[in-house]
2 protein chains.
Amino acid sequence: MSDTAKTLPRLDESLLSHVPPFSKLEKRQIREILDMASVRRLGEGVAVFEEGAPAERFYMLLDGYIRVMRITATGEQVIALHIPSGQLFGIARAIGRDTYPATSVTASEAIILSWPMRVWDDFVARYDGFATETYKTLGQRLGEMNNRIVEMATQQVEQRVANALLRLINQTGRKVEGGIEIDFPITRQDLSEMTATTLHTVSRLLSAWEKQGLVSSRRKRITVTDPHRLVLMCRGGVPI
Amino acid sequence: MSDTAKTLPRLDESLLSHVPPFSKLEKRQIREILDMASVRRLGEGVAVFEEGAPAERFYMLLDGYIRVMRITATGEQVIALHIPSGQLFGIARAIGRDTYPATSVTASEAIILSWPMRVWDDFVARYDGFATETYKTLGQRLGEMNNRIVEMATQQVEQRVANALLRLINQTGRKVEGGIEIDFPITRQDLSEMTATTLHTVSRLLSAWEKQGLVSSRRKRITVTDPHRLVLMCRGGVPI
DNA sequence: GGCGAAGTTTGCGGTGGCACAAACTTCTCA
DNA sequence: TGAGAAGTTTGTGCCACCGCAAACTTCGCC
């Protein structure tokens, strides 16, 4: 975590003007907010904060992707969530906590803003729509986690992996020729940590799907070529 | 859902004065709140609201237990959460939703207060500490769900069931002679829906544990007689 | 008190996917 | 350009757990 935090004077207001928690604000207010922010550029695989650490700052992901994960006592990793750019994260304060509930690691190169947690209450009080939009995001994440619980409880490995892929291309997909590619580097291991299985099983599945023309993949890159058939694959335990 | 809603004039202020979201309020304020509330007494196994329905009211559980569940397209049930008395539930508005994200069913006889959702914003704005305490509860539930995801991803059935039992006696346990009993009727089927397994497996496990003197159970009732040994049983995938 | 419904126990066979292992491919960096 | 690291593929054996089935127990109700 090389701490090259820096307050750049040249952050443009347009950076935040279209991002939900700030979209209802005036230019002047966004200026205020940006002037308080630190900005950092991080490489792939860098921890932003660790589970259990005092929640001293909260973050906005301007570009890139964040992986939220937890590590068990026996050292196994479980990936809870992926966060796409334009979202706040590390907002422990919003759920009444003063330590981070999970570890955040960059899944790709990323640019993040951050503020000291003490300005949180100010933000909530002063900026109209900030709280509402924040809680909407929280609600979405809660819903996603809920869906994952249902999936893990009712679905076979094959369906869970299919679901995970579909979720990834929905949230972080990028159109390329011949399909939709997941927009950040992702390994079989990562996918297995998202779906509660082993990298071996994920590898076998992807190989099989590649033969059937559902996906195509290279090292750390996966492209879904036939999303529709993948959807058919994962019916059988999906929430209403 | 027999709608015997009724606004009783005799609800006592002391009902809410020690309940977190309202504990910082003056007697006068609690009076206001109670005067807006409807109160209902429900039998066991009654749905309070259903997933997907418009979130027209929010609820406070005064007595009893609530089971939060989801039903898949194939009809399987997954129990997401148990809510003990003294907590708000059905607070879709707090996470920016206008439909309920899950179904709530009484796990025992229960007494619930409810208010129309349109007063939610008033409550948040007018009553000090209401929002904060609410979000703390939300944070706890989020953390619990998070733990369940980690458990399901990393633990064996035996450990998951042990964990589920421990969580239940922590939240809803009642001291009885010879151990701690889960304070509401719970079947093997319920436990299996909480731990993503089958009632058969749960039954076998409980039988084995009963022989070892860890638990004792009757129809719809489970008592943990040796919590400590049960804790040892479930180490091996527990979050830090 | 007796009948049906609901809940529980137990046996048995089959299998999905994990553990272990080893070779191969692709990147990175000196 | 070559060595090592990181990531991927594939094969084999095995067992924890599920699915199915059937009997048994307990409860509530007429």
Side-chain angles (χ1 to χ4, degrees), chain A residues 43-45 72 74-79 105 107-109 151-162 164-165 182 184-212 215-223 233-234 236-237, chain B residues 43-45 74-78 105 107-109 151-162 164-165 182 184-212 215-223 233-234 236-237:
Chain A
E44 185 189 327
T72 68
T74 50
E76 291 142 308
Q77 296 192 351
V78 178
I79 296 176
V105 176
S108 65
E109 289 215 334
E151 275 175 33
M152 299 218 303
T154 60
Q155 298 192 148
Q156 305 284 78
V157 167
E158 189 177 47
Q159 302 171 315
R160 296 205 302 270
V161 176
L165 277 184
I182 294 169
F184 58 87
I186 185 166
T187 66
R188 314 295 195 247
Q189 175 77 35
D190 292 334
L191 261 176
S192 75
E193 285 169 6
M194 298 171 60
T195 51
T197 179
T198 60
L199 84 152
H200 310 276
T201 302
V202 171
S203 181
R204 275 178 247 265
L205 278 175
L206 286 182
S207 295
W209 289 346
E210 185 135 20
K211 271 179 201 134
Q212 295 170 42
V215 306
S216 83
S217 68
R218 329 191 307 271
R219 184 180 229 239
K220 287 186 152 201
R221 288 283 165 187
I222 301 174
T223 305
M233 177 136 285
C234 65
Chain B
E44 184 189 328
T74 50
E76 290 141 308
Q77 295 191 351
V78 178
V105 175
S108 65
E109 288 215 335
E151 275 175 33
M152 299 219 303
T154 61
Q155 298 191 148
Q156 305 283 78
V157 167
E158 189 176 48
Q159 302 171 315
R160 296 205 303 270
V161 176
L165 276 184
I182 294 169
F184 56 88
I186 185 166
T187 65
R188 314 298 193 244
Q189 174 77 34
D190 292 334
L191 260 177
S192 75
E193 286 169 6
M194 298 171 60
T195 52
T197 180
T198 60
L199 85 153
H200 310 275
T201 302
V202 171
S203 180
R204 277 177 247 264
L205 278 175
L206 286 183
S207 295
W209 288 346
E210 187 136 18
K211 272 180 201 133
Q212 294 170 44
V215 305
S216 83
S217 67
R218 330 192 306 273
R219 184 180 230 240
K220 286 185 152 200
R221 288 282 165 189
I222 301 174
T223 306
M233 177 134 284
C234 66

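A note on names: the letters A, B, ... follow the listed sequences, proteins ahead of strands, and every chain is numbered from 1.
Base engagement by A/Leu199 is indicated by at least one non-hydrogen atom pair under 4.0 Å involving a base atom. Among the heavy atoms of the strands lying under 4.0 Å from B/Ser203 is at least one base atom, whether or not backbone atoms are also near.
In plain terms, the two heavy atoms of B/Leu199 and B/Ser192 that are nearest each other are N-CB, 3.5 Å. When all heavy atoms of B/Arg160 and B/Gln155 are compared, the pair lying nearest together is NH1-O, 3.0 Å. Nearest heavy-atom pair, B/Ser108 versus B/Phe184, reported as atom, atom and distance to 0.1 Å: CB-CB, 3.8 Å.
Under the rule for a side-chain contact (heavy atoms from CB on, under 4.5 Å), the partners of B/Ala164 that lie at least two apart in sequence or sit in another chain are B/Leu191, B/Met194, B/Thr195. In this view, B/Gln156 satisfies the side-chain hydrogen bond (donor to acceptor under 3.5 Å, both in side chains) rule with no residue, not counting sequence neighbours.
In this model, the phosphate group of C/dG7 is not approached by any side-chain N or O of B/Arg188 to a distance below 4.0 Å at OP1 or OP2.
Atoms CD (A/Gln189) and C1' (D/dT8) sit 11 Å apart, rounded to a whole Å. Distance B/Arg221 CZ to C/dA6 P: 19 Å, rounded to the nearest Å. Atom pair A/Trp209:CH2 and D/dT8:C1' shows a separation of 16 Å (rounding to whole Å applied). One interatomic measurement links the two molecules: NZ of A/Lys220 to P of D/dT8, which rounds to 8 Å at whole-angstrom precision. Protein atom NE2 of B/His200 is 14 Å distant from nucleotide atom P of C/dT10, rounded to whole Å.
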At a cut-off of 3.5 Å, list every protein nitrogen or oxygen paired with a nitrogen or oxygen from nucleotides 25-30 of chain C, distance to 0.1 Å.
from: C/dT26; atom 1: O2; to: A/Arg219; atom 2: NH2; distance (Å): 3.4

Using nucleotides 15-18 of chain D, report all nitrogen or oxygen pairs with the protein that are shorter than 3.5 Å.
from: D/dC17; atom 1: OP1; to: B/Val157; atom 2: N; distance (Å): 3.1
from: D/dC18; atom 1: OP1; to: B/Thr197; atom 2: OG1; distance (Å): 3.0
from: D/dC18; atom 1: OP2; to: B/Thr197; atom 2: OG1; distance (Å): 2.8
from: D/dC18; atom 1: OP2; to: B/Thr201; atom 2: OG1; distance (Å): 2.6

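For the side-chain contact (heavy atoms from CB on, under 4.5 Å) test with A/Pro185, the passing option among A/Arg219, A/Arg221, A/Glu109 is A/Arg221; the others fail.
Identified under the salt bridge (charged side-chain N to carboxylate O under 4.0 Å, His left out) test for residues 185-205 of chain B, with sequence neighbours left out: B/Arg67-B/Asp190.
Judged purely by distance below 3.5 Å, without hydrogens or angles, the side chains of B/Thr74 and B/Glu76 pair a donor atom with an acceptor atom.
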Exercise. Should A/Leu206 and A/Leu165 be marked as a side chain to side chain contact (heavy atoms under 4.5 Å, CB included) after you check the CA-CA gap, both sets of side-chain angles, and the distance that decides it?
Worked result: CA-CA 11 Å; A/Leu206 286 182; A/Leu165 277 184; 4.2 Å; yes

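The closest side-chain heavy-atom distance from A/Leu205 to A/Val157 is below 4.5 Å.
Of the inter-residue distances, the one linking B/Glu151 atom CD with B/Gln159 atom CD reads 9.5 Å to the nearest 0.5 angstrom.
Fit an axis to the five pairs at each end of the helix from C/dG1-D/dC30 to C/dA30-D/dT1 and the two axes sit 50° apart, to the nearest 10 degrees.
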